[in-house]
Protein chains: 2
Amino acid sequence: MPLDLRVDRSSPVPLYFQLAQQLEAAIEQGRLTPGSLLGNEIELAARLGLSRPTVRQAIQSLVDKGLLVRRRGVGTQVVHSQVKRPLELSSLYDDLAAAGQRPATKVLVNTVVPASATVAAALGVAEGGDVHRVERLRLAHGEPMAYLINHLPPGLLDLDTGRLEATGLYRLMRSAGITLHSARQSIGARGATAAEAERLTEAEGAPLLTMQRTTFDDTGRAVEFGDHTYRPTRYSFEFQLLVRP
Amino acid sequence: MPLDLRVDRSSPVPLYFQLAQQLEAAIEQGRLTPGSLLGNEIELAARLGLSRPTVRQAIQSLVDKGLLVRRRGVGTQVVHSQVKRPLELSSLYDDLAAAGQRPATKVLVNTVVPASATVAAALGVAEGGDVHRVERLRLAHGEPMAYLINHLPPGLLDLDTGRLEATGLYRLMRSAGITLHSARQSIGARGATAAEAERLTEAEGAPLLTMQRTTFDDTGRAVEFGDHTYRPTRYSFEFQLLVRP
DNA sequence: TAGTGGTCTAGACCACACA
DNA sequence: GTGTGGTCTAGACCACTAC
C-alpha cells in the first residue's frame with residue numbers, strides 16, 4: 001500500500017516541512033522500510049500537488065539528517081537505520097532526563113569572580129574582569145555523576161540558583177533568547193586530584209573523564225565556558241555523527 | 001571595495017558550488033570580515049547573472065557549514081569566526097599528520113578470527129563467523145599514543161599490512177569505493193589493565209581515554225568496529241559542533 | 001514603509017545508472 | 001534507451017525586521 005501523504009495548504013507550516021515530517025514519521029514507524037525506494041520526485045510532486053523543488057527541499061532535509069540516500073539514476077532510498085540522532089549540543093541534564101535517570105543538581109557555587117587567564121581567553125573578556133562562576137554537582141539516582149564548573153560573561157543571564165537546580169544551563173540560555181550556534185569541545189581523561197576525588201566520591205588518582213567546552217551564539221560571542229569532570233563508571237559520551245558528503 | 005565574484009559557465013562545476021567556494025575563500029582570507037553583511041540575494045544574483053535560487057543554494061551551503069547566518073528582514077552576515085571545521089569522521093592518522101606529528105603505525109595483528117559476541121553484534125554477522133581483526137600501535141614522535149583494535153566484515157577490503165602502516169584505515173576504505181555514511185561512537189575512560197599498560201608504556205591503573213566506534217556505509221551495512229585506547233597525556237578529542245537550528 | 005530572507009511555482013536541460 | 005536525481009531559470013507572494 002502506498003504511503004498516505006498529504007499537505008495542508010491552509011497551515012502556516014511550510015509545505016516542504018509538512019512533507020518532511022510525514023516522511024520522517026513513516027520511516028520511524030516502519031511504514032517506509034530501510035532500503036525501499038521512495039519513488040521519483042516528479043511523480044511524488046504530482047501526487048501531492050506540489051512543485052518538484054518543494055518536494056526536493058523536503059527530501060533534502062531528510063538526506064541531511066542521514067535518513068535518506070539519493071543516487072542519481074537509481075532513486076532515493078531509506079537508509080538501513082542505525083541512524084537515530086546526530087551529535088547535538090544537549091545539556092547533560094536533558095540527556096539524563098531522557099534516559100530516565102532522575103537527574104538532580106546541587107549548585108555549590110554561584111557568584112561573580114575575576115576572570116582567570118584561561119577563562120578570559122575562552123570568553124573573550126579582560127583578565128581580572130567580572131565573570132559569573134557556577135559550580136554544580138550533578139547526581140543520578142542520588143549518586144554523584146559529574147562536577148560541572150561554568151563561567152559566563154557578566155550580564156548575559158540571570159543565574160538564579162533555583163532555576164539552575166531545576167533544569168540545565170542550555171535550556172536557561174535558550175529561554176533567555178540566546179541563539180546557540182556552535183561549540184568547541186575537548187574531551188580527555190586524567191587521574192582525579194584529591195579535591196575532585198572527594199566531590200565525586202572517588203579515590204585520589206582514579207580515572208576521570210573530562211570535557212572543556214566553549215559555546216558561541218550566532219553573533220560569534222562566547223556565551224559559556226565549561227570545565228567538567230565525569231565519573232567514567234557512570235557516564236560516557238555517546239553520539240552519532242554523519243560523514244560530510 | 002566590493003567582492004570580485006564571478007562564475008564560469010563553461011565549467012562542469014555547478015554554479016552554486018563555484019559561488020560557495022569563492023565566498024568561503026573570501027571569508028577565510030578575511031576579505032569578508034566577520035559581522036559584515038553579504039548584500040541581498042536578488043542584487044547578488046543580478047550582479048552574477050544567476051537566478052536567485054542558485055545564489056540561495058550557494059549561501060545555504062555556507063549556512064550549513066556555520067560560516068554564515070541569515071536573519072529575515074536583516075540580511076546575511078558572516079559569523080564572528082571561531083568556526084573552523086565541524087566534527088567529521090577523520091582518521092587518527094590524518095589528524096596527526098595534519099598536526100605535523102609525524103605519525104607511525106605498527107601493525108601487530110592482521111588476521112582472520114571468529115567473531116566474538118560483541119563484534120558479531122556490532123558488525124551484524126554471525127557469532128563465530130569469520131571477521132578480520134587488526135591491532136595497531138599508533139606512535140607520534142616515536143612515542144606510543146594509542147592502541148587501536150579494529151574488526152571488519154570479511155571480504156570487504158584487502159587489508160595489506162604495508163598499506164595499513166602507510167595510511168589510515170578510513171583512507172583505505174574510501175579508496176576501495178566504500179561510501180562512509182555515519183558512525184556511532186562512545187567515548188569514556190578507565191584504568192589501564194596490565195596488558196594495556198605495557199603496550200602504551202604506562203603504569204597499570206593509569207587513566208586511559210577509550211573510544212568504541214561502529215561505522216556504517218550508505219547502505220546501512222556496518223563496515224568497521226573499533227575499540228581504541230589512548231594515552232590521555234598525549235591525545236584528546238578536539239572538535240567543533242554546530243547547533244541544529 | 002522599505003528591505004530582507006522564506007517559500008513556492010512550472011517549467012527546462014543535463015549527467016549518470018542500469019538494462 | 002529509459003528513468004533517475006542534479007542543476008538552473010524567471011518569476012511570484014509572504015513574513016519578519018528596522019526605521
Side-chain angles (χ1 to χ4, degrees), chain A residues 5-23 35-64 66-79 177 179 181 218-219 244-245, chain B residues 5-23 35-64 66-79 177 179 181 218-219 244-245:
Chain A
L5 297 169
R6 62 186 68 187
V7 293
D8 175 8
R9 299 194 88 100
S10 69
S11 162
V13 178
L15 301 178
Y16 80 89
F17 195 80
Q18 293 183 38
L19 177 54
Q21 280 183 316
Q22 290 180 45
L23 290 174
S36 65
L37 286 166
L38 204 60
N40 76 62
E41 300 172 349
I42 287 107
E43 192 222 8
L44 190 54
R47 184 143 63 94
L48 288 163
L50 297 173
S51 70
R52 187 181 168 206
T54 301
V55 171
R56 273 185 69 80
Q57 191 175 1
I59 292 176
Q60 185 60 47
S61 70
L62 298 184
V63 171
D64 291 342
L67 296 175
L68 299 177
V69 181
R70 287 206 264 219
R71 291 173 218 263
R72 193 170 359 197
V74 178
T76 303
Q77 283 178 307
V78 180
V79 168
T179 305
H181 177 267
D218 59 359
T219 69
R244 47 159 201 186
Chain B
L5 296 170
R6 63 186 66 187
V7 292
D8 174 10
R9 300 193 88 101
S10 69
S11 162
V13 178
L15 300 177
Y16 80 88
F17 195 80
Q18 293 183 38
L19 177 54
Q21 280 182 316
Q22 290 179 45
L23 290 174
S36 64
L37 285 167
L38 205 60
N40 77 60
E41 299 172 351
I42 286 110
E43 191 223 8
L44 190 54
R47 183 144 63 94
L48 288 163
L50 296 173
S51 69
R52 186 183 169 206
T54 301
V55 171
R56 273 184 69 80
Q57 192 174 1
I59 292 175
Q60 186 59 47
S61 70
L62 298 184
V63 171
D64 291 341
L67 297 174
L68 298 176
V69 181
R70 288 205 263 218
R71 289 175 220 264
R72 190 168 2 195
V74 179
T76 303
Q77 283 178 308
V78 180
V79 167
T179 305
H181 177 267
D218 59 359
T219 69
R244 47 163 203 182

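Each chain gets a letter, A, B and so on, in the order its sequence line appears, and its residues count up from 1. The figures here come from the full heavy-atom set of this structure, side chains too, leaving out hydrogens, waters and symmetry mates. Computed from a prediction, not measured in an experiment: that's the story for all the values here.
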Item checked: Nearest heavy-atom neighbours spanning B/Val13 and B/Gln18 -> O-NE2, 2.9 Å

Note to self: Nearest 0.5 angstrom please: B/Gln77 CD to B/Leu38 CG, how far?
What the structure shows: 10.0 Å

Margin query: Angle between the end axes of the helix from C/dT1-D/dA18 to C/dC18-D/dG1, five pairs per end, to the nearest 10 degrees?
Written below: 20°

Next item on the list: List in chain and number order the residues that pass side-chain hydrogen bond (donor to acceptor under 3.5 Å, both in side chains) with B/Ser36, two or more places apart in sequence or in another chain; answer none if no residue qualifies.
Entry: none

Next item on the list: Could you pull out all residues at least two apart from A/Arg72 that satisfy salt bridge (charged side-chain N to carboxylate O under 4.0 Å, His left out)?
Entry: none

Notebook entry, point to check: Could you run down nucleotides 11-19 of chain C 5' to 3' and tag each one B, S or - for protein heavy-atom contact under 4.0 Å?
Noted result: -B--BBS--

Check: Under the side-chain hydrogen bond (donor to acceptor under 3.5 Å, both in side chains) test, which residues partner B/Arg52, sequence neighbours left out?
Finding: B/Glu41

Notebook entry, point to check: Counting only side-chain N and O atoms of A/Thr54, is one of them less than 4.0 Å from OP1 or OP2 of C/dT7?
Noted result: no

Margin query: I need the CZ-P distance between B/Arg9 and D/dT7, as an integer number of Å.
Written below: 15 Å

Check: With sequence neighbours excluded, what pairs up with B/Asp64 under the side-chain contact (heavy atoms from CB on, under 4.5 Å) test?
Finding: B/Gln60

Note to self: Any residue in residues 35-44 of chain A with a heavy atom nearer than 4.0 angstrom to DNA chain C? Just list them by number, or reply none.
What the structure shows: none

Check: Counting only side-chain N and O atoms of A/Tyr16, is one of them less than 4.0 Å from OP1 or OP2 of C/dT7?
Finding: yes

Checklist line | Any B/Arg70 side-chain nitrogen or oxygen under 4.0 Å from OP1 or OP2 of C/dG6 | finding: yes

Note to self: Taking salt bridge (charged side-chain N to carboxylate O under 4.0 Å, His left out) as the cut-off, I'd like each qualifying pair that reaches into residues 8-20 of chain B, sequence neighbours left out, listed once.
What the structure shows: none

Margin query: If I take atom CD from residue A/Gln21 and atom CG from residue A/Leu5, how far apart are they, to the nearest 0.5 angstrom?
Written below: 12.5 Å

Notebook entry, point to check: Quick one: A/Arg71 CZ to D/dG6 C1', roughly how many Å, whole number?
Noted result: 16 Å

Check: With sequence neighbours excluded, what pairs up with B/Thr54 under the side-chain contact (heavy atoms from CB on, under 4.5 Å) test?
Finding: B/Leu15, B/Tyr16, B/Leu50, B/Ser51

Next item on the list: List in chain and number order the residues that pass side-chain contact (heavy atoms from CB on, under 4.5 Å) with B/Thr179, two or more places apart in sequence or in another chain; answer none if no residue qualifies.
Entry: B/Asp218

Item checked: Residues which pass side-chain contact (heavy atoms from CB on, under 4.5 Å) with A/Ser61, listed by chain and number, not counting sequence neighbours -> A/Ala20

